[in-house]
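Accompanying notes for the structure given below.
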2 protein chains.
Amino acid sequence: MRTSSVDQIIIETLSKEHAHLTSLQVFEEIRSQLPAVNLSTVYRALERLVKLGKVSISDMGTGSTVYELLADGLHHHLVCQKCGNVMTIGHEEVSRFFATIQQQTQFDIVTNHLILFGTCKACQAASELQKDKTTTDN
Amino acid sequence: MRTSSVDQIIIETLSKEHAHLTSLQVFEEIRSQLPAVNLSTVYRALERLVKLGKVSISDMGTGSTVYELLADGLHHHLVCQKCGNVMTIGHEEVSRFFATIQQQTQFDIVTNHLILFGTCKACQAASELQKDKTTTDN
DNA sequence: TATTATATTGCAATTATTTGCAAATGCAAT
DNA sequence: ATTGCATTTGCAAATAATTGCAATATAATA
Ligand SMILES: [Zn+2]
Ligand SMILES: [Zn+2]
Ligand SMILES: [Zn+2]
Ligand SMILES: [Zn+2]
């Protein structure tokens with residue numbers, strides 16, 4: 001990889017933002033520094049950074065792919081499909097799971113930003129209430 | 001959901017194919033039975049089936065999203081990023097992992113076709129060889 | 001510095017997926 | 001069969017993401 005490119009600026013941007021950004025958001029953020037940069041260049045730069053393991057790429061169910069800088073200490077997420085709430089979990093338990101799979105299969109897992117979908121506690125409670133309501137309603 | 005629609009035909013197709021199909025492949029498969037069907041209808045039908053938990057939707061790193069019928073007995077995959085090889089794993093270990101996370105977070109995980117990326121055994125061996133070669137080469 | 005090889009970029013075209021909206025269809029109750 | 005309502009569909013347009021290729025920039029080498 002070469003040192004001077006959009007890559008560096010993207011990394012700086014992502015390290016400031018510290019969030020999950022879409023390619024378009026990254027594009028708009030870096031335009032202040034590189035007004036002429038092309039969107040496809042951003043896509044390709046992000047792709048490079050992902051391949052290098054510096055940035056995570058994920059579909060969090062929002063309609064477009066999001067990118068995040070991989071700081072030290074991996075994390076993962078639980079995304080509620082009812083309310084969209086995003087919960088963050090550490091790498092410990094995930095890493096134990098990966099280790100077990102690796103032991104069983106000899107496959108070296110590198111997934112660094114796992115996204116699991118489901119229902120958060122609040123929404124579970126809400127649908128429980130709803131169920132009770134339906135039962136007593138008629 | 002209504003009984004007569006592309007949904008049923010898609011389910012039949014997927015149960016015959018028993019594979020990971022792209023939306024385009026599904027589209028082409030069902031055209032024999034529904035010559036006039038529109039691609040966006042297929043997308044929407046697949047979306048419905050995914051929401052109903054009858055079909056899984058996944059990005060397996062091939063460039064387009066793939067769909068698969070969810071038969072009883074969930075399975076998951078390990079995808080090698082070097083050779084593209086796809087390994088299948090059962091739900092047991094994954095389910096244990098999910099249970100642990102659910103216990104810790106109260107979050108109910110519904111992910112039904114987990115895709116983990118990494119390097120398969122053969123490719124690990126190959127890169128080991130390569131490393132040795134580099135070391136002795138100079 | 002001049003030369004060469006490789007990586008990066010812009011631009012336009014292509015592919016993949018989603019969406020708005022009006023028309024068509026299926027279902028159920030007259 | 002007719003009406004009323006919700007779902008499904010086609011079509012075109014909008015978004016997202018990827019790719020080919022020629023031009024440019026960078027790094028390494030001579
Ligand atoms: Zn994250
Ligand atoms: Zn929720
Ligand atoms: Zn599968
Ligand atoms: Zn492999």
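All figures in this text were calculated on a predicted structure; none of them were measured in a lab. Letters A, B, ... mirror the listed sequences (proteins, then strands); counts begin at 1.
When hydrophobic clusters are built by joining Ile, Leu, Val, Met, Phe, Trp and Tyr residues whose side-chain heavy atoms come closer than 4.5 Å, directly or via intermediates, B:I57 is grouped together with B:V55.
Residue A:S40 places its side chain closer to D:dT19 than to any other of D:dT8, D:dT19, C:dT17. Among the nucleotides C:dT17, D:dT9, D:dA17, the one closest to the side chain of B:L39 is C:dT17. Listed candidates were C:dG10, D:dT9, C:dT17. Nearest to the side chain of B:D7 is D:dT9.
The distance between atom OH of A:Y43 and atom P of D:dT19, rounded to the nearest whole Å, is 12 Å. Taking atom CD of A:E47 as the reference point, atom P of D:dA16 lies 18 Å away to the nearest angstrom.
Side-chain contact annotation: A:H77 with A:T88, donor-acceptor N/O pair under 3.5 Å present. Between the side chains of A:H75 and A:E68, at least one donor N or O lies within less than 3.5 Å of an accepting N or O.
Comparing B:G63 and B:A45 by the nucleotide of DNA chain D whose heavy atom lies nearest to each, the residue mapping closer to the 5' end is B:A45. Of the residues near DNA chain C, B:S64 and B:R44, the one whose nearest nucleotide (by heavy atom distance) lies more toward the 5' end is B:S64.
Checked against a 6.0 Å centroid threshold, the rings of B:H113 and B:H91 do not count as neighbours.
Across residues 14-38 of chain A, A:A36, A:V37, A:N38 each have a non-hydrogen atom less than 4.0 Å from an atom of DNA chain C (numbered order).
Taking the six-membered ring where tryptophan is involved, the planes of B:F97 and A:F97 are essentially parallel, since the angle between them stays under 30° and well short of 60°.
Counting non-hydrogen atoms of neighbouring residues, nucleotides and ligands closer than 6.0 angstrom, the CD atom of B:Q103 reaches no more than 12 such neighbours.
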